[in-house]
Amino acid sequence: MKLKRTPTSELKAGKNVLVKGWVSQVRNLGGLVFFLLRDGYGDIQVTVKKKDAKKGMLDAVSKLARESCVTVQGTVKKSKQISKGIEIIPQSIDILCKAEPLPIEPSERINTSLDKRLDWRSLDLRDPKNLAIFKIEAKLIEGMEEYLRRQGFLQVFTPCIMGAASEGGADVFKVDYFGKPAFLRQDPQLHRQLALIGGLERIFDIGPSWRAEPHHTARHLCEHRGIAVELSFIDDERDVIMVEEKLILSAFNRVKKDCKEELKLLGKKVIVPKTPFPLLEFPKIYDILEKMGKKIEFGEEYDTESEKLLWEWVKKKHENDFYFVNRFPFKVKPFYVMRIDGDPQWARSTDLLYRGVEQSSGGQREHRYEKIIEQAKIKGMNLKSLEWFTKFFKYGAPPHGGFCLGLERLTWMMLDIGNIRETCLFPRAPERILP
Ligand code: ATP
Ligand code: MG
């Protein structure tokens, strides 16, 4: 009977097994040939005793090139010399696909530039450390989905191609839509809002957004993924804040529980944050910043340096790496946010920050038609071109809010790795659209 494949993580001494994977190291020591077979689950040493080996196998072994794909059938034996404690003594070795000498050395992340690594991304991923990043990222999503589904949030899919730019501004990718201009979405938000007006009460959308920002920063991608959540009949933005906090907890707990090996490989520790996350609000934030030695004009936007300073302050005072910023100045936020009735300089707009870097923006949205129109006018927007969105607010829109959390941002900050591009399989940057 033909053996079924066993993942290297499930090998037990004494069993006859069939394993498949990549050859990651070959050593030829006189009478012995060793190689490490690596699959998606770990690795195992394969030891060939030349004097016991059949001719066919010796031929295969003599041609073994690093990173070739192979099938090995053999017996798992205990071995004191190997840290894992087991090795495979093969009966047969078949080369499934031979590899040429590699253009980059996957294990030398430090010596190969990130650019060159990304040019050869599939080979770069052969480094288990790089794969670990994506296993962790997937678990972050799993933890978030788990929480959202348990809380009755429904997964929905909203359009990526927009007939009108959602946030305005220059950083939109234009596409040709049957000869007419269209745009790639910058955020799935407006359609989430329309879905709630339709009667879906708790939804989430996981998908890409695009930003045509030409700058090269360590925190921006031209294409990123967001976990976008929206809920109806909220009392105010604090209902949204509570959902987001629990979402983060669920994600961090999932990684902590399921990614022990991956975290060890990367030399990282995950600290599940304390709740509630500190909630900082404008305009008090100006005072905190002034105490920290940074003067921001009352009513103005803060900057990335301020975000770091506030993190310092939060760490000292609350021992937390997370904090929310609420009640941003309306003038720095889009037309659809809800302002504070009676104090309209400030909006019910909330950002989540982690280690001083923005992770999400959201808050309560304006659901009253007249206010939306008033705010669009204040922002100098063309009311006609907004009508596709605003018209629905005339027909009973529930008070609602939500947020969009950047997946790569969160992974990047959690793992504290140099550049956000490390957390994206095939990153899109101003100078990169291949592979
Ligand atoms: P930033 O000020 O950091 O550029 P933003 O305020 O422009 O972010 P939002 O429109 O609030 O971004 O988008 C929601 C979230 O999506 C952000 O908080 C961030 O986590 C993520 N995000 C936005 N733009 C990018 C990008 N270019 N690359 C990676 N993630 C992004
Ligand atoms: Mg933002």
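Values reported hereafter were calculated over all heavy atoms of this structure, with side chains retained and with hydrogens, waters and symmetry mates removed. Residue numbers count from 1 along this sequence. Both ligands and their constituent atoms are indexed starting at 1 by order of listing.
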Q) Just wondering, more than 12 heavy atoms not from F134 lying within 6.0 Å of its CZ? A)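 Enclosed: over 12 neighbouring heavy atoms sit under 6.0 Å from CZ of F134.
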
Q: Tell me whether S361 has at least one N, O or S atom under 2.8 Å from the Mg ion (ligand 2).
A: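 Here the distance criterion (N, O or S atom, under 2.8 Å) is met by S361, so yes.
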
Which of the numbered atoms in ligand 1 are under 4.0 angstrom from any heavy atom belonging to [X]?
X    : result
C404 : 14 (C), 15 (C)
R219 : 1 (P), 2 (O), 3 (O), 28 (N), 29 (C)
S360 : 18 (O)

Q. Does the N or O separation between I420 and ligand 1 drop below 3.5 Å for any pair?
A.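 No, since none of the N or O atoms of I420 sits under 3.5 Å from an N or O of ligand 1.
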
Q) Taking distance alone, with no angle check, do L221 and ligand 1 share an N/O pair under 3.5 Å? A)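 By distance alone, the answer is yes.
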
Using 4.0 Å as the upper bound for N to carboxylate O, is an ion pair formed by [Y] and [X]?
X    : Y    : answer
E261 : K135 : no
E230 : R365 : yes
E146 : R254 : yes

Q) What N/O/S atom of E358 is the closest to the Mg ion (ligand 2)? A)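 So the atom name we want here is OE2.
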
So, [X] versus [Y], ring centres under 6.0 angstrom or not?
X    : Y    : answer
F322 : F252 : yes
F277 : Y323 : no
W346 : F298 : yes

Q: Pick whichever of A429, S361, P334, S209 has a heavy atom sitting closest to atom 11 (O) of ligand 1.
A: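 Result: the heavy atom closest to atom 11 (O) of ligand 1 is in S361.
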
Q: Would you indicate which of Q359, R225, E213 comes nearest to atom 20 (O) of ligand 1 when only heavy atoms are counted?
A: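 Looking at heavy atoms only, Q359 sits closest to atom 20 (O) of ligand 1.
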
Q) Looking at ligand 1, does G226 have a heavy atom less than 4.0 Å from it? A)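 Heavy atoms of G226 never come under 4.0 Å of ligand 1.
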
Q: For E358 and ligand 1, answer yes if some heavy atom of the residue is under 4.0 Å from a ligand atom, otherwise no.
A: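 Under 4.0 Å: yes for E358.
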
Q | NZ or CZ of R327 within 45° of F282 ring axis and under 6.0 Å | A |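 Not satisfied by the 6.0 Å and 45° rule.
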
